[in-house]
Amino acid sequence: MTTTKVQAYAAQSATSALAPFRITRRGPGPLDVEIEILYCGVCHSDLHQARNEWHNTIYLCVPGHEIVGRVTRVGSRVTRFKPGDLSAVGCMVDSCRSCPNCQAGFEQYCLSFPTFTYNSEDKHLGGHTYGGYSTNIVVDEAFVLRVPAGLDLAATAPLLCAGITTYSPLRHWKVGPGQKVGIVGLGGLGHIAVKFARAFGTHVVLFTTSPNKIADGLRLGAHEVVVSKDADAMKKHQGSFNFILDAVSAQHDINAYLSLLKLDGTLTLVGAPEQPLPVTAFNLLLPRRNFAGSAIGGIAETQEMLDFCAAHGIVSDIELIPMQKINEAWDRLLKQDVRYRFVIDMASLKS
Ligand code: NAP
Ligand code: ZN
Ligand code: ZN
């Protein structure tokens with residue numbers, strides 16, 4: 001197998017800043033697609049992972065799983081891509097493909113664990129996988145997505161994680177017209193969730209801790225915006241929601257949102273804070289509420305989501321940054337100061 005050295009940004013420990021590093025990529029095998037990365041979104045998971053907040057990080061850590069790029073080379077048995085095509089890669093680059101969950105199109109719940117785009121065992125080169133904060137990546141074509149024509153490429157990158165992670169649970173729990181849906185947290189995931197919930201025809205209520213995001217919440221599609229620190233405003237919504245999607249990255253009171261659900265309503269967590277979230281039993285028992293979770297989405301569903309976005313003109317609101325500004329961007333992410341997804345212009349790493 002041939003290999004090449006490519007430029008990347010990496011964390012060498014939980015406390016070190018991201019810095020330039022050269023990593024090894026495999027040359028494309030028969031089923032592989034080699035992609036020149038044009039844009040990579042900055043997910044809060046990148047920061048959780050690089051700082052070992054989920055206690056499983058393998059260093060050297062090259063984050064990045066919201067990848068849009070152009071195909072440069074393909075293996076001899078690749079049928080769906082050719083050099084020059086636009087393509088995208090999300091959070092997974094492989095899975096066992098044979099377990100019941102993979103067979104059902106839920107590769108993200110592979111019983112042998114999917115190979116994540118970064119921080120997973122690299123079955124080709126040994127060691128572990130490196131993500132999209134780099135100039136290129138080589139991925140089996142079964143895990144490469146098509147980018148529909150007409151989408152802004154930089155603003156499409158966040159759809160590969162923030163998009164599918166919010167689209168999948170809204171679809172799974174079948175939100176639609178006549179339903180009242182809450183979105184908690186107006187960050188990268190939350191702002192795309194607002195767009196999807198609106199496009200699916202629901203009555204959308206955004207919950208935010210940031211009063212300065214009210215106008216944006218309405219512009220992005222929310223019918224109502226509630227500042228969650230306002231106890232009276234929260235009280236008005238008690239027991240009234242069919243579905244709530246919680247996309248908060250840090251410790252917060254989940255009971256405040258469970259109590260907003262009506263009978264048989266569901267609160268689905270997609271946020272992945274470092275610390276456990278205590279749940280008060282009676283908030284679930286009365287009146288028979290569901291507390292659920294959801295992780296990204298399968299490959300076929302990710303393609304469906306991209307096609308839906310192209311048909312409905314949905315992309316992320318982004319702030320384009322050069323790779324060299326990534327540490328500053330992460331500081332701002334922690335201060336809830338992102339409008340609403342940082343996307344790295346990878347040309348900055350090549351120059
Ligand atoms: P983000 O852009 O940083 O947004 C998080 C939002 O949460 C903030 O904008 C803020 O919204 C709210 N928030 C932050 N700190 C808070 C606090 N202390 N109390 C209450 N609200 C707070 O992050 P993201 O990239 O959207 O990711 C959100 C979470 O989802 C992360 O934990 C990430 O790891 C996780 N995630 C999970 C999956 C999955 O498959 N389940 C996939 C991707 C990401 P307001 O200012 O509006 O309050
Ligand atoms: Zn992500
Ligand atoms: Zn599997």
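Start at 1 and go down the list; that is how both ligands and their atoms are numbered. Given the structure is predicted, the values throughout are model-derived calculations rather than measurements. Positions are given from 1 along the sequence.
- Each of the following atoms of ligand 1 lies closer than 4.0 Å to a heavy atom of Trp54: 34 (O).
- If you check the side chains of Lys5 and Thr24, you find a donor sitting under 3.5 Å from an acceptor.
- The residue among His252, Arg339, Gln336 with a heavy atom at the shortest distance from atom 15 (N) of ligand 1 is Gln336.
- Taking every heavy atom of Ala250 and a limit of under 4.0 angstrom, the matching atoms of ligand 1 come to 15 (N), 16 (C), 17 (C), 18 (N).
- Taking every heavy atom of Thr208 and a limit of under 4.0 angstrom, the matching atoms of ligand 1 come to 45 (P), 46 (O), 47 (O), 48 (O).
- Ser249 OG, 3.5 Å is the protein heavy atom nearest to atom 5 (C) of ligand 1.
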Requested in this report: Begin with the C-alpha distance, continue with both residues' side-chain angles, and end with the deciding distance and a verdict on salt bridge (Lys or Arg N to Asp or Glu O under 4.0 Å) for Lys350 and Glu36.
Outcome: CA-CA 11 Å; Lys350 290 165 202 151; Glu36 176 198 8; 3.2 Å; yes

Requested in this report: Under the side chain to side chain donor-acceptor pair (under 3.5 Å) rule, what do Thr208 and Lys213 come out as? Steps first, then yes or no, please.
Outcome: CA-CA 7 Å; Thr208 179; Lys213 293 182 185 173; 5.1 Å; no

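- Nearest to atom 30 (O) of ligand 1 among the protein's heavy atoms is Gly271 CA, 3.3 Å.
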**Report entry** Evaluation steps, side chain to side chain contact (heavy atoms under 4.5 Å, CB included), between Trp173 and Asn290
**Finding:** CA-CA 11 Å; Trp173 276 276; Asn290 304 298; 5.9 Å; no

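- Side-chain atoms of Thr117 come within 3.5 Å of backbone atoms of Gly90 as a donor-acceptor pair (strictly under, hydrogens ignored).
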Requested in this report: Could you walk me through whether Glu34 and Thr72 pass the side chain to side chain donor-acceptor pair (under 3.5 Å) test, one step at a time?
Outcome: CA-CA 6 Å; Glu34 182 190 65; Thr72 43; 2.7 Å; yes

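- In the displayed structure, Lys236 atom NZ is contacted under 6.0 Å by at most 12 heavy atoms of other residues, nucleotides or ligands.
- A donor-acceptor contact closer than 3.5 angstrom links the side chains of Gln49 and Thr57.
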**Report entry** Verdict with reasoning, Tyr167 to Phe200, per ring pair (Phe, Tyr, Trp, His ring centres under 6.0 Å)
**Finding:** CA-CA 10 Å; Tyr167 181 91; Phe200 296 167; 5.7 Å; yes

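- Within the set Gln251, His191, Gln108, Glu66, the minimum heavy-atom distance to atom 19 (N) of ligand 1 is found for Gln251.
- Every atom of ligand 1 is numbered from 1 in the order shown, and the set under 4.0 Å from a heavy atom of Ser210 is 45 (P), 46 (O).
- The distance from ligand 1 to the heavy atoms of Gly185 drops below 4.0 Å at these ligand atoms: 11 (O), 47 (O).
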Requested in this report: Take Asp246 and His252 through the side chain to side chain donor-acceptor pair (under 3.5 Å) test and state the conclusion after the steps.
Outcome: CA-CA 10 Å; Asp246 183 322; His252 61 294; 2.6 Å; yes

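- For His65 atom NE2 and Cys43 atom SG, the angle they make at the Zn ion (ligand 2) is roughly 120°, to 10 degrees.
- Looking only at heavy atoms of the protein, atom 4 (O) of ligand 1 is closest to Gly187 CA, 3.2 Å.
- Shortest contact from atom 37 (C) of ligand 1 to any protein heavy atom: Val270 O, 2.8 Å.
- Residue-to-ligand polar distances place Ile296 within reach of ligand 1: an N/O pair is separated by less than 3.5 Å.
- Checking Cys161, Ala272, Pro211 against atom 43 (C) of ligand 1, the nearest heavy atom belongs to Cys161.
- No side-chain donor from either of His191 and Arg339 sits under 3.5 Å from a side-chain acceptor of the other.
- When heavy-atom distances to ligand 1 are checked against a 4.0 Å cut-off, Ala247 comes that close only through its backbone atoms N, CA, C and O.
- Less than 6.0 angstrom separates the ring centroid of Phe241 from the ring centroid of Phe207.
- Counting protein heavy atoms only, atom 26 (O) of ligand 1 is closest to Leu189 N, 2.8 Å.
- Geometry note: the Zn ion (ligand 3) is the vertex, Cys102 SG and Cys110 SG are the arms, and the angle is 100° (rounded to 10 degrees).
- Judged purely by atom type and a 3.5 angstrom limit, Arg73 has no side-chain atom pairing as donor or acceptor with the backbone of Pro28.
- Ligand 1 has no N or O atom lying under 3.5 Å from any N or O atom of Ala295, backbone or side chain.
- Between Leu186 and ligand 1, at least one N/O pair is under 3.5 Å apart.
- Using 4.0 Å as the threshold, Ala162 has no heavy atom nearer than that to any atom of ligand 1.
- Protein heavy atom closest to atom 48 (O) of ligand 1, with residue, atom name and distance, is Thr209 OG1, 2.6 Å.
- Counting only non-hydrogen atoms, the option in Arg341, His48, Glu274, His44 that gets closest to atom 23 (O) of ligand 1 is His44.
- In summary, the atoms of ligand 1 found under 4.0 Å from a heavy atom of Leu333, numbered by their order in the structure, are 2 (O), 3 (O).
- The ligand atoms of ligand 1 that sit less than 4.0 angstrom from a heavy atom of Lys213 are 9 (O), 11 (O), 45 (P), 46 (O), 47 (O).
- A side-chain donor-acceptor contact under 3.5 Å links His128 to the backbone of Leu60.
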Requested in this report: Go through the steps to decide whether Asn52 and Tyr59 satisfy the test side chain to side chain donor-acceptor pair (under 3.5 Å), and finish with yes or no.
Outcome: CA-CA 10 Å; Asn52 200 22; Tyr59 294 95; 4.8 Å; no

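- Here's the thing with Val338: none of its N/O atoms is less than 3.5 angstrom from an N/O atom of ligand 1.
- In this structure, Phe113 and Phe116 have perpendicular ring planes: the angle between them is above 60°, well past the 30° mark.
- Counting heavy atoms under 4.0 Å from ligand 1, residue Thr165 touches it through the side chain alone.
- Scanning the protein for heavy atoms near atom 2 (O) of ligand 1, the closest one is Gly188 N, 2.8 Å.
- A salt bridge links Arg97 to Asp140: one of the charged nitrogens lies within less than 4.0 Å of a carboxylate oxygen.
- Considering only non-hydrogen protein atoms, atom 44 (C) of ligand 1 sits nearest to Ser45 OG, 3.2 Å.
- Vertex the Zn ion (ligand 3); arms to Cys99 SG and Cys96 SG; angle rounded to 10 degrees, 110°.
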